[in-house]
Amino acid sequence: MAAKQLHTSILVWLMTLSSLGPNHVPLCTAQVQSFVYSGFQGANITLDGSAQVQPSGLLQLTNSSDIIGYGFHQTPLPFRGGGGTVRSFSLSFVFAVQSEFDKESSGGMAFFVAPGRNFTGALPGSFLGLFNASTNGSPDNHIFLVELDTFRNGEFKDIDSNHVGIDVNGLISIQAHTAGFYDDNTGSFTNLSLNSGDPMQLWVEYDAQTTQVASTLAPLGAHKPRTPLFTTTTNLSGVLKDPSFVGFSGSSGSLSTLYSVLGWSFGLDGTAPPINITNLPKLPRAHQEVRSKVLEIVLPISTATFIAAMGITIFLLVRRHRRYAELREDWEVEFGPHRFSYKDLYHATEGFKNKNLLGAGGFGKVYKGVLPVSKLEVAVKKVSHESRQGMKEFITEVVSIGRLRHRYLVQLLGYCRRKDELILVYEYMPNGSLDKYLHYEDDKHTLDWAQRFVIVKGIACGLLYLHEKWEKIVIHRDIKASNVLLDGEMNGRLGDFGLARLYDHGTDLQTTHVVGTMGYLAPELLRSGKASPLTDVFAFGTFLLEVACGQRPIKQDSEGKQIMLVDWVLEHWHNETLLQTVDTRLQGGYDKEEASMVLKLGLLCLHPLPTARPSMKKVMEYLDGETVLPELAPTHINNFNMVSMMESRGFHPSILSYPELSTSIGTFSGLSGGR
Ligand SMILES: *[C@@H]1O[C@H](CO)[C@@H](O)[C@H](O)[C@H]1NC(C)=O
Ligand SMILES: *[C@@H]1O[C@H](CO)[C@@H](O)[C@H](O)[C@H]1NC(C)=O
Ligand SMILES: *[C@@H]1O[C@H](CO)[C@@H](O)[C@H](O)[C@H]1NC(C)=O
Ligand SMILES: *[C@@H]1O[C@H](CO)[C@@H](O)[C@H](O)[C@H]1NC(C)=O
Ligand SMILES: *[C@@H]1O[C@H](CO)[C@@H](O)[C@H](O)[C@H]1NC(C)=O
Ligand SMILES: *[C@@H]1O[C@H](CO)[C@@H](O)[C@H](O)[C@H]1NC(C)=O
Ligand SMILES: *[C@@H]1O[C@H](CO)[C@@H](O)[C@H](O)[C@H]1NC(C)=O
C-alpha cells in the first residue's frame, strides 16, 4: 500500500528551458507541482535523526526523550516563480502528538521550508531541532516554519503551552493562536489539545499576491472549517531560497513524546491535493476493535472460558503479588518504622497515574499522593536506581536524615524499595518550586523583594542547620531554585538534601562522577569531584544571584552568547552599576541596601577559592544584619571564565543552553562528565 502519488505537470516548452535554472523561468509559465502521501510506506522520504517510517506507514519523528527526528520530501522544490518572488503554496498534514504524560511535553514539532537538510548544531526541545541559541532569529536561516508547540517557553514569548504558530527564521512567532477551531455555524471557538494523542489535520496556505498565511486546524475526519484558526501576513520573498526543501521536524525535550505524521500533501501554485483519510496508518496505541464474531462459536468458548477464568485468577494473583512486590533485605529490619508499603503508595498516587504527576527530571518522577489511612498529603518520588552498591549506606543516611526536622527543610517521611527503584516520601508543598516563580515571564506570578528576602534567609537557615547544627555534617550537593519548595505561607524550604549522594558512588571510575547542576558547581568540585560544605556555599551564592536578578545561572547576552550570571553581575559591579542587575520585574520596588548586600554576598560565596568563601554561619549573620559585610572591591573576586573551564573538562557546551525544564517538587538534575 505504497500510497504515494506524485503529479508534476509542467508546460512542455518549459522542459526545454529547464536547464537554464529556476531563475530564468519566465513569468507566464505556471508550473504546478504537488504531491500527496496518505501514509509513508515505500514513500520517497529522506529521514534523519530518530525519524523512522513504521511498517504501518506512520512517519514517526521521535521515539524517546531529548532527540530530534526529521522527514523531508526527497527533492527540493522551486519556490520562486517568474520575477523571483516566492510562489503561492498550500499544504495539509495529519499529525499526532502522544505524550508520556498529559502535561506539558517540553518540545514540539514543525513543518518547515528550508534551504538545506543539514541541521547539525541545532538543539532538541524548544529549539525544535531547527535552531540553537546563536542561530535563532538569524536572517541567514531562510526558514519558514509552522510550529505545533506543546511547551510554553518564555524566552520565545510563547503564548501558552498548546499553540500553532507561524515563524520566520526563528522561534518567536510572527503570530500564534491557541490550538483549536471556529465552528462554521456558531463561530464559537473549541480548544483542541495538541498532545492529546488524537490525530488532527492542519492546513496552511500562503498567498503570494497578498503575502497572507492562513492556518486552519481540525480533528481528523472533520471537514476543513471555513474560518481559519488565524491568518497573518509575511512576505516570504525576502526569506526563502530557491530551491528549498520541505519537511517536518519533531523534537522532544526531557519527557518522552512521540511526534508522528500520518499523511501529508503539498502544492505549489495551487491547492494541495486532499489526503484520503481512509488510508492513513494507525497510531501505535490505537484502541483495538472488539470482535463480535465470538458469538458464532459459543460451544468451544464456554469450555475455554473455564480454563481462561482459572488462568486469569492465577494471573491476577501473580500480578497482584508483582504489582506490590518490594525488595527487603535483612539489614533493613531496623529501619522498619520508616518504611512505607508499596501498596499504600500505589493507592495513594492512584497507581502512579500521570494526572498526579508533579514533575519529572533526570533521576525520576514525583507524584502527589494522599496516604490511605492518615489522609496526609505527600509527594512521592520514584528514583530509578540500578546499582545496589552503596544502597545500605544510602538508606542509613536517608533514615537518619528522616529524623532531621527543621522549619526550612522539606520533611522526608520515609522510603520504600523495589527492584531497581527507590521511592522516597516527602511532605507535600502546596506552592511548588521557586524556579517557576523566578522564571515566569508574566509579572503576575513573580515574587516581591520582601518575599524573596524571606525565602533567601530561610534557605540559609536550613542549610546552616544541615552543615553545623545537626549531629553530623550533611552536605546538600544540589542547591538550586528548583530544589527550593514553597510551603503554604510562601516560606522557602530546602528539598532533596543528601539525595545526590546516591549518585556519587559512581561506578564509572574513569571520569569523576559529578552530581549537581551546571552553574551551581564549584570549580574545585569539577576538578576533584569532592563535595564539601563550601561547595554548597558556592551553589548558595549562585542561588542568591538567581533570586535577586530573576535570571538563570547561565544566561545569554545580547549577541546570544552564553555567559555565567556571576560574570555578568561582576561586570556590573566593576562598572558601578550593580543594582542594574536586580530583577527588572520588581520595577525598582526593593530595598537598595538589602539588594546590594545580597548581590555582594552572592559574589563572595562564589569566590573561586574555597577558603575565601564565608561559612553558612557567617552568611546567616550577614543576612540577619548582625555583622556588616566587609567592604569588598570588585577586584577582590577575580573574574574567571567558568564556561571555558567546563568545556575543557569535557562538558559539551550545548548542555549549557538547555532551559531548566524541571517543573515541581524537588526535581533532580544530574550530570556526568564526558558526555
Ligand atoms: C526518489 O527520489 C530520488 C531523487 O529524486 C529519485 O532518484 C528516485 O527515483 C525516487 N524514487 C522513487 C521510488 O520515486
Ligand atoms: C528509536 O529510534 C532509533 C533510530 O531509528 C533506534 O535506533 C532506537 O532503537 C529507537 N528506540 C526505541 C526506544 O524505540
Ligand atoms: C553537516 O554540516 C556539518 C558542519 O556544519 C558537517 O560537519 C557535516 O558533515 C554535515 N553533514 C552532512 C550529512 O552533510
Ligand atoms: C549553532 O548551530 C550552528 C549551525 O548549525 C553551528 O555552527 C554552531 O556551532 C551552533 N552553536 C552552538 C552554540 O551550538
Ligand atoms: C482554551 O484554552 C485557553 C488557553 O489555554 C484557556 O484560557 C481557555 O480556558 C480554554 N477553553 C476551554 C473551553 O477549555
Ligand atoms: C514581497 O517582496 C518582494 C521583494 O522582496 C516584492 O517584489 C513584492 O512586491 C512584495 N509583495 C508584497 C505583496 O508586498
Ligand atoms: C480512499 O481510499 C479508499 C480505499 O483505498 C477508496 O475506496 C476510496 O475511494 C478513496 N477515496 C477517495 C476520495 O479517493
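Counting starts at 1 for both ligands and their atoms, in listed order.
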A.B. asks: Could you tell me which atoms of ligand 7, counted from 1 in the order shown, lie closer than 4.0 angstrom to a heavy atom of Asn279?
C.D. replies: 2 (O), 3 (C), 4 (C), 5 (O)

A.B. asks: Any side-chain donor paired with an acceptor under 3.5 Å for Asp167 and Ser173?
C.D. replies: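 Yes, a side-chain donor-acceptor pair sits under 3.5 Å.
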
A.B. asks: Where the closest heavy atom to atom 3 (C) of ligand 4 is concerned, which of Asn118, Asn136, Thr135 has it?
C.D. replies: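 Among Asn118, Asn136, Thr135, the closest heavy atom to atom 3 (C) of ligand 4 comes from Thr135.
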
A.B. asks: What residue among Phe248, Phe119, Phe93, Phe144 forms ring-ring contact (aromatic ring centres under 6.0 Å, His included) with Phe112?
C.D. replies: Phe119

A.B. asks: Give the atom numbers and elements of ligand 7 that come within less than 4.0 Å of a heavy atom of Thr278.
C.D. replies: 1 (C), 2 (O), 3 (C)

A.B. asks: Taking atom 1 (C) of ligand 3 as the reference point, report whether a protein heavy atom occurs under 4.0 Å from it.
C.D. replies: yes

A.B. asks: Report yes if some N/O of Thr120 lies less than 3.5 Å from some N/O of ligand 4; otherwise report no.
C.D. replies: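 There is such a contact, yes.
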
A.B. asks: Are there more than 12 heavy atoms of other residues, nucleotides or ligands under 6.0 Å from atom NZ of Lys224?
C.D. replies: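 Count over threshold, so yes.
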
A.B. asks: Is the shortest distance from a heavy atom of Ser134 to ligand 4 less than 4.0 Å?
C.D. replies: yes

A.B. asks: Work out which heavy atom in Tyr206 is nearest to a heavy atom in Arg87; give both atom names and the distance.
C.D. replies: CD2-O, 3.6 Å

A.B. asks: What do the steps show when you test Ser237 against Asn235 for side-chain hydrogen bond (donor to acceptor under 3.5 Å, both in side chains), and what is the final call?
C.D. replies: CA-CA 5 Å; Ser237 293; Asn235 190 344; 3.3 Å; yes

A.B. asks: Look at the rings of Phe35 and Trp264 and say which category their plane angle falls in: under 30° parallel, 30 to 60° tilted, over 60° perpendicular.
C.D. replies: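 Judged by the thresholds at 30° and 60°, the geometry between Phe35 and Trp264 is perpendicular.
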
A.B. asks: For atom 14 (O) of ligand 7, find the nearest protein heavy atom and state the residue, atom name and distance (0.1 Å precision).
C.D. replies: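 Closest protein heavy atom to atom 14 (O) of ligand 7: Asn276 ND2, 3.4 Å.
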
A.B. asks: Under 6.0 Å from the CZ atom of Arg117, do we count more than 12 heavy atoms belonging to anything else shown?
C.D. replies: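 Check passes, neighbour count above 12.
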
A.B. asks: Is any heavy atom of the protein nearer than 4.0 Å to atom 7 (O) of ligand 3?
C.D. replies: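 Neighbour list for atom 7 (O) of ligand 3 is empty of protein heavy atoms (cut-off 4.0 Å).
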
A.B. asks: I would like to know whether Leu262 and Leu58 meet side chain to side chain contact (heavy atoms under 4.5 Å, CB included); could you show each step before the answer?
C.D. replies: CA-CA 5 Å; Leu262 293 79; Leu58 187 72; 3.6 Å; yes

A.B. asks: Counting each atom of ligand 4 from 1 as listed, which ones have a heavy atom of Asn132 under 4.0 Å away?
C.D. replies: 1 (C), 2 (O), 3 (C), 8 (C), 10 (C), 11 (N), 12 (C), 14 (O)

A.B. asks: Applying a 4.0 Å heavy-atom criterion (strictly less than), which segment of Leu123 is in contact with ligand 4: side chain, backbone, both, or neither?
C.D. replies: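 It is neither part, as no heavy atom is under 4.0 Å.
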
A.B. asks: Looking at atom 11 (N) of ligand 3, tell me if a protein heavy atom falls under 4.0 Å from it.
C.D. replies: yes

